[in-house]
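Read the structure below first, then the notes.
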Protein chains: 2
Amino acid sequence: MPATRQHAEDLTIQEMARRSGFAESTLRYYEKIGLLGRVARDESSGHRRYGPAVAERVQALSCLRSAGMTVTGMRRYLELLALGDAAAAEQRDLFAAQAETLAADIEQLQLRLAYLRHKAELWDARVRGDAAAEQQAVEEVTRVIDRFTY
Amino acid sequence: MPATRQHAEDLTIQEMARRSGFAESTLRYYEKIGLLGRVARDESSGHRRYGPAVAERVQALSCLRSAGMTVTGMRRYLELLALGDAAAAEQRDLFAAQAETLAADIEQLQLRLAYLRHKAELWDARVRGDAAAEQQAVEEVTRVIDRFTY
DNA sequence: TCCGACACCTGAAGCGCTTCAAGTCAAACC
DNA sequence: GGTTTGACTTGAAGCGCTTCAGGTGTCGGA
């Protein structure tokens, strides 16, 4: 009789990991550092069971995390969430600021992508023994690097 | 008489950090784990001095690192580099693979960005008490999340 | 000549996970 | 009924840095 009293919609750590994109180890870690409160357990096995409320919270954290938000930022989000509509303006600002940061990051990454592609071209030209193409790739690499900012 | 015998083009760790985008601590760390070989020192002060050859190497690593390459990948790159043209095909493949990975990452990040912006809209609508706008933002958030892959 | 100020040094600890080692629980096969 | 399989548990160690604590070397000014 396994976990008869559990709700059907409760997720195992494996399911929670699959749905959220967090590794199982990360879910355990987040619980340990207090981001998730205490997650319910199956009484007999001691395995974690993620109910709907926790699951939703995990989903939201997953989005924020994959958008580059730090653990500190996620804590802030949860604090604001607890305040509800009273903290709506702060929430808006939190998301807007994170969006701007991410937009800037993406722009930089696109430069890095161009760099990598030109480097691939460069070595390809070398494989083919095409000195002219190699020279052009070198110039393109240089041009891209000049646009890097740190 | 500070470091009279040093070459003028040698960089301090601070300059190297500024030019490469690595933190000074990261430069020390990379040296410790053997990514940079042994960096020369100013004899009297014991401070690191990055000569042109090392500086170029650091620059290249910086590009790779900021394009998402792992330390393992960077080691591989340095190995191949030592082989010169003999490993040109492997270098091309290394860069091409890294480029593909990064392109996929960027695509995901653009979704996260859309998510963040819609979330900001959502809270903004709530601040303004605009239920219709809020409802629309909720739908947009949902639509974006459905396109997430992990 | 002494005094900060500052850049740098090393070694150790912390962070956000990830990986690993050793063990528990439950369904399933022989 | 044992035993294997597989998902799960905890605690500890590792990774790639980052931060911190405590100290050294160099310089410019009083």
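Not measured: the values here are computed from a predicted model. Throughout, a chain's letter reflects where its sequence line sits, starting with A, and its residues are numbered from 1.
- Annotation: side chain of Phe22(A) is not in contact with side chain of Tyr150(B) (no heavy-atom distance under 4.5 Å).
- Under a 4.0 Å N-O distance rule, the pair Glu79(B)/Arg76(B) qualifies as a salt bridge.
- Ion pairing between Glu24(A) and Arg28(A) holds under the 4.0 Å rule for side-chain N and carboxylate O.
- For Gln14(A) and dT9(D), the CD to C1' distance is 14 Å, given to the nearest whole Å.
- In this structure, CD of Glu24(B) is placed 5 Å from P of dC8(C), rounded to the nearest angstrom.
- Looking at Arg18(A) and Leu11(A), their side chains never come closer than 4.5 Å, going by heavy atoms from C-beta outward.
- The side chain of Arg48(B) has dC9(C) as its nearest neighbour among dG16(D), dT26(D), dC9(C).
- Nearest nucleotide to the side chain of Thr12(A), out of dC9(C), dC25(C), dC8(D): dC8(D).
- With sequence neighbours left out, Glu31(A) forms a salt bridge (Lys or Arg N to Asp or Glu O under 4.0 Å) with Arg41(A), Arg48(A).
- Taking only side-chain nitrogens and oxygens, Ser45(B) never comes nearer than 4.0 Å to OP1 or OP2 of dT24(D).
- No hydrogens or angles considered: a donor-acceptor pair under 3.5 Å links the side chains of Gln108(B) and Arg112(B).
- Here the P atom of nucleotide dG16(D) and the CZ atom of Arg75(B) are 8 Å apart, to the nearest Å.
- For Arg65(A), the side-chain atoms get nearest to dG16(C) when compared with the rest of dC9(C), dC8(D), dG16(C).
- Checking dT26(D), dA26(C), dA7(C) against every side-chain atom of Ser44(A), the shortest atom distance belongs to dA26(C).
- Within residues 25-33 of chain B, the residues that have a heavy atom under 4.0 Å from DNA chain D are, in order of number, Ser25(B), Thr26(B), Tyr29(B), Tyr30(B).
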